[in-house]
Amino acid sequence: MKNYRDDFPILSRTVYGHPLVYLDNAATTQKPRCVVEAISDEYYSVNANVHRGVHYLSQQATDLHEAARETVRQFIGARSVAEIVFTRGTTESINLLATSYGEAFLHEGDEILVSAMEHHSNIVPWQLLRERKGISIKVIPITDSGEIMLDEYESLFTPRTRLVCVAHVSNVLGTVNPVGEMARIAHAHGAHIFVDAAQSVPHMPVDVATMDCDFMAFSGHKVYGPTGVGVLFGRESLLEKMPPYQGGGEMIARVSFERTTYERLPYKFEAGTPDYVGTHALAVALDYVSKIGMEYIARHEAELTLYAMHRLGQIEGMAIYGTTPNKCGVVAFNVGNIHHLDLGTLLDRLGIAVRTGHHCAQPLMARYGVEGMARASFALYTTTEEIDALAEGIEKVAKMF
Ligand code: PMP
């Protein structure tokens, strides 16, 4: 693996006098210099509001913003830029989907399927919809090793099942779910499928055509891009039938007090001034990882994951959650009776950043009978030396208890 660490200035800082070991990449990744510079360059030399101005800067900013949409389209293999809706992130993408899809397609008594390993952002918006619409939510169970139970999944379908909501990769277990197969089954039952790709897009090639999903979402900040920008992909034929999520400027064709008509896709779903600097910087991030190669990044992180599973597995009292071989980039664990918060706090004193807590997946914590876990998560710049540092850090902390 070529050393890409020099592209990320923050990685050379120290924490409490120790070199930073940043293992919280599932929460957010660090940003390469090219992304940070794209943001400052645009504010310094291009900045103007998009879509509305005839003047030079507005045209230039609009060109960058729309070029970013095309970059995203290519990156995820969508057919048309009409299918790429810019949002604030995965969470907003799912809220948009729940509200708008719910309005167009769901009626009282309809059912949706949600897996037991979902992030709260792929649970709560559907519960809000349940309160509004009277739909029901059925949970797709998982095995102890953290895999979707495919037979059970298929047996949950009824003639009222409309939509499946599932993470491509779990932010806790790291399981790579068989979303292609799940899509095939959903479609055979006349249902749609939404894939939460927040934890897959940064780590492996993701192609919406291969997955055959109807909707997909991801966040810019987890794929080396800026915060505050994300994407909702949707099949054009479905987005066409869905009503706007928010009203305002940009999303209208014509407004009068009697009647308002909406813009064409994807603008119908993009009310107000978009984060056009963010979308451009996201495109720079996607170009950056494309140049390295997503296959290459996937291989590197698969090796790191294997190494971490083996190395951490040797520690006395270690309990690792998510033991399927088909996992990527994340290792969640507890050690003996040490509280995960104590473990995280003491590791931090050694310069090692891991996440602790429920990881926005409380139903999954309940599934494993724990309140929380510590979690190490990797990125293209993570090294085996950092995993060694983590393992040695845990051993050191464990001795204190
Ligand atoms: N889904 C998954 C699987 C995630 O890991 C996350 C972030 N931890 C989200 C959704 C929410 O992403 P965001 O906070 O960027 O909206």
Side-chain angles (χ1 to χ4, degrees), residues 22-31 35 72 76 85-99 114-128 140 142 146-148 164-179 182 193-204 206 211 213 215-233 245 275 278-279 281-282 285-286 301 305 321-322 327-332 344 353-365 367 372-379:
Y22 184 76
L23 298 175
D24 195 16
N25 294 285
T28 200
T29 50
Q30 300 302 347
K31 317 304 169 198
V35 167
V72 171
I76 63 169
V85 179
F86 282 125
T87 64
R88 283 194 301 123
T90 306
T91 302
E92 188 177 55
S93 296
I94 301 175
N95 279 277
L96 187 167
L97 180 67
T99 301
V114 177
S115 99
M117 66 174 86
E118 295 311 305
H119 187 280
H120 293 162
S121 67
N122 203 18
I123 299 174
V124 184
W126 304 113
Q127 291 176 322
L128 293 172
I140 309 164
I142 61 170
E147 291 170 340
I148 296 271
V164 174
C165 304
V166 66
H168 192 183
V169 171
S170 158
N171 66 312
V172 178
L173 307 169
T175 312
V176 183
N177 287 318
V179 288
M182 293 179 76
I193 184 165
F194 161 66
V195 175
D196 173 354
Q199 296 294 348
S200 58
V201 162
H203 305 292
M204 60 184 67
V206 172
M211 289 196 288
C213 59
F215 301 97
M216 181 271 248
F218 69 95
S219 297
H221 70 95
K222 292 185 196 283
V223 58
Y224 311 100
T227 52
V229 61
V231 170
L232 174 67
F233 156 83
Y245 172 54
D275 184 356
T279 56
L282 170 61
L286 297 182
E301 293 183 6
T305 308
Y321 306 94
K327 66 181 276 173
C328 142
V330 183
V331 181
V354 296
R355 182 140 296 234
T356 60
H358 55 63
H359 310 290
C360 299
Q362 284 178 337
L364 184 64
M365 299 300 115
R367 165 67 181 77
M373 303 170 182
R375 178 188 73 184
S377 53
F378 314 134

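Only this structure's heavy atoms are used, side chains among them; waters, hydrogens and symmetry mates stay out. Atoms within each ligand, like the ligands themselves, are counted from 1 in listed order.
In terms of protein heavy-atom proximity, atom 8 (N) of ligand 1 is nearest to K222 NZ, 2.8 Å. In this structure, the protein non-hydrogen atom closest to atom 2 (C) of ligand 1 is D196 OD2, 3.4 Å. The shortest contact between atom 5 (O) of ligand 1 and any protein heavy atom is with Q199 NE2, 2.7 Å. At the top of the distance list for atom 16 (O) of ligand 1, counting protein heavy atoms only, stands T91 OG1, 2.6 Å. Scanning the protein for heavy atoms near atom 10 (C) of ligand 1, the closest one is S121 OG, 3.1 Å.
D275 is not listed as a side-chain neighbour of F86, based on a closest heavy-atom distance of 4.5 Å or more. When side chains are defined from C-beta on, Q199 does not count as touching H119, because their heavy atoms never get closer than 4.5 Å.
For ligand 1, the atoms lying closer than 4.0 Å to a non-hydrogen atom of N171 are 5 (O). With ligand atoms numbered from 1 in the order given, ligand 1 contributes 12 (O), 13 (P), 15 (O), 16 (O) to contacts under 4.0 Å with heavy atoms of S219.
Side chain of T28 to main chain of H221: a donor-acceptor pair is present (N/O by atom type, distance under 3.5 Å, no hydrogens or angles). With hydrogens and angles disregarded, no donor-acceptor distance shorter than 3.5 Å links the side chain of S219 to the backbone of G89. Formation of a donor-acceptor pair under 3.5 Å by the S377 side chain with backbone atoms of V330 is not found in this model.
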Pairs under 3.5 angstrom only: tabulate donor-acceptor contacts from the side chains of residues 171-179 to other protein residues two or more places apart or in another chain.
| residue | atom | partner | partner atom | Å |
| --- | --- | --- | --- | --- |
| N171 | ND2 | H359 | O | 3.0 |
| T175 | OG1 | G146 | O | 2.6 |
| N177 | ND2 | A167 | O | 2.8 |

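Between K327 atom NZ and E147 atom CD the span is 11.0 Å, to the nearest 0.5 Å.
In the candidate list M117, R88, H119, E118, H119 is nearest to atom 4 (C) of ligand 1, counting heavy atoms.
Considering backbone and side-chain atoms alike, E92 places every N or O at 3.5 Å or more from each N or O of ligand 1.
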